[in-house]
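In what follows, a single structure is set out as structure tokens and then discussed.
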Amino acid sequence: MPVPEIVPGGGRTAREAAPACRRWRRFRRNRRGYWSLLLFGILFILSLGAELISNDVPVLIYYQGGYYFPMVREYPETVFGGDFETETDYKDPYILQRITTDGNRALFPLNRHSFNTINLAIDGPVPSPPTSENILGTDDRGRDVFARLLYGFRLSVLFGFALTIVGTLVGIVSGAIQGFFGGRTDLFFQRFIEVWSAMPELYLLIIFASIFKPSVLLLLILLSLFSWMGLSDYVRAEFLKGRNMEYVKAARALGVSNVTIMVRHLLPNGMTPVITFLPFRMSASILALTSLDFLGLGVPPATPSLGELLAQGKSNIDAWWLSLSTFTVLVGTLVLLIFIGEALREAFDPRKI
């Protein structure tokens with residue numbers, strides 16, 4: 001491996017930038033991974049604007065010469081000619097007539113249902129099959145499945161990002177400390193990881209779920225306690241390999257601090273396993289959230305969740321649209337992340353640099 005130059009001020013040399021360009025070109029040559037990244041990015045960006053795609057309130061209302069933004073501010077129905085000071089129900093036929101006639105206009109999202117909107121106009125039992133109003137049908141409470149899938153996908157991806165970032169940062173720090181200092185520090189950390197990894201994670205989740213009120217933050221904290229251990233082993237190995245390199249010894253001889261050596265010189269060489277494992281770790285985080293929601297140990301019941309929809313599909317076998325649509329979204333997301341991870345692993349393969 002070529003010895004990187006020690007550049008004052010932390011600037012990147014041309015030799016350091018060239019491998020990054022070659023890796024990007026190799027990643028783009030993997031058409032499956034490249035198009036999976038584009039498709040996943042587009043879907044995630046669309047899900048960030050879920051309120052603009054699927055919602056039971058208009059995006060914009062022009063009423064009697066004034067403009068109103070119901071997504072930003074709540075308006076009492078007296079503003080639109082109603083009788084009560086309560087929040088406006090924009091699915092009320094009377095309110096709809098007031099804001100869409102006599103020169104008034106209302107711009108609604110493509111799907112006029114939010115994740116918690118109950119369709120009271122269903123003529124039949126729920127779950128109800130797909131119709132023109134509910135394109136993917138409704139769940140067992142009359143809520144629109146498409147809206148819950150859209151919001152649930154966003155929650156799953158954001159949770160996966162958060163858990164991956166927290167687990168990666170903790171794993172990098174712990175692995176770097178073990179590998180760089182070695183000796184008793186490494187021995188202590190290894191014994192601690194052995195004991196900590198033997199803890200029954202599922203039992204702990206059940207205990208904490210019974211003690212505390214379920215929330216996304218609580219779930220993120222509990223899963224973060226265990227998600228860092230797998231990555232720390234790879235970072236530790238990279239730091240153990242690099243701590244005795246000549247450029248590290250030269251930096252020590254020049255009086256460079258341990259933190260600077262770890263961050264500027266050893267960490268870049270140890271980032272290859274970190275980056276290549278990111279999509280796989282994220283897919284594991286999404287799958288963990290879905291599994292816990294399926295078991296009823298995840299997010300609060302009213303929160304849109306892929307696992308909760310799968311549980312409904314299990315309880316309502318005849319409602320095929322619940323299981324099929326949720327399975328398609330979940331498997332599609334995991335497959336895209338796996339393809340991205342495979343492309344990254346090939347792009348960062350040291351044998352191809």
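Computation of the quantities below employed the complete heavy-atom set of this structure, encompassing side-chain atoms and omitting hydrogens, waters and symmetry-equivalent molecules.
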For atom [atom1] of [X], is the number of surrounding heavy atoms from other residues, nucleotides or ligands below 6.0 Å larger than 12?
X      : atom1 : answer
Tyr234 : OH    : no
Glu194 : CD    : yes
Trp24  : CH2   : yes
Arg191 : CZ    : yes
Arg184 : CZ    : no

Going by an N to O cut-off under 4.0 Å, is there a salt bridge joining [X] and [Y]?
X      : Y      : result
Arg98  : Glu77  : no
Arg236 : Asp186 : yes
Arg143 : Glu308 : yes
Glu346 : Arg29  : no

Please determine, by modelled atom types, if [X] and [Y] share a side-chain donor-acceptor pair under 3.5 angstrom.
X      : Y      : result
Ser257 : Thr260 : yes
Asn111 : Asp144 : yes
Asn116 : Tyr151 : no

| task | Measure across Arg112 and Leu96 and return the closest heavy-atom pair with its distance rounded to 0.1 Å. | result |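 Shortest heavy-atom contact: NH1-CD2, 4.5 Å.
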
| field | Considering all heavy atoms, the nearest Val57-Pro70 contact | value |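 Closest approach of Val57 to Pro70: CB-CB, 4.2 Å.
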
Please confirm whether [X] and [Y] have ring centers closer than 6.0 angstrom.
X      : Y      : answer
Phe226 : Trp196 : yes
Phe80  : Tyr68  : yes
Phe161 : Phe44  : yes

For [Y], does its backbone N or O pair with a side-chain atom of [X] as donor and acceptor, under 3.5 Å?
X      : Y      : value
Ser315 : Gln312 : no
Thr168 : Ile165 : no
Thr88  : Tyr75  : yes
Thr131 : Asn134 : yes
Arg243 : Gly179 : yes
Ser215 : Leu218 : yes
Thr276 : Thr272 : yes
Ser54  : Ala50  : no

| query | Just wondering, do Leu306 and Thr333 contact through their side chains at under 4.5 Å, heavy atoms? | reply | no

| message | Starting from Phe239, can I reach Met271 by hopping between I/L/V/M/F/W/Y residues whose side chains sit under 4.5 Å apart? | response |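 Yes, because Met271 and Phe239 connect within a single hydrophobic cluster, where side-chain heavy atoms sit under 4.5 Å apart.
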
| Other than Leu110, what residues sit in its cluster of Ile, Leu, Val, Met, Phe, Trp and Tyr side chains whose heavy atoms are under 4.5 Å apart, directly or through others? | none

| Who pairs with Trp320 by ring-ring contact (aromatic ring centres under 6.0 Å, His included), at least two apart in sequence or on another chain? | none

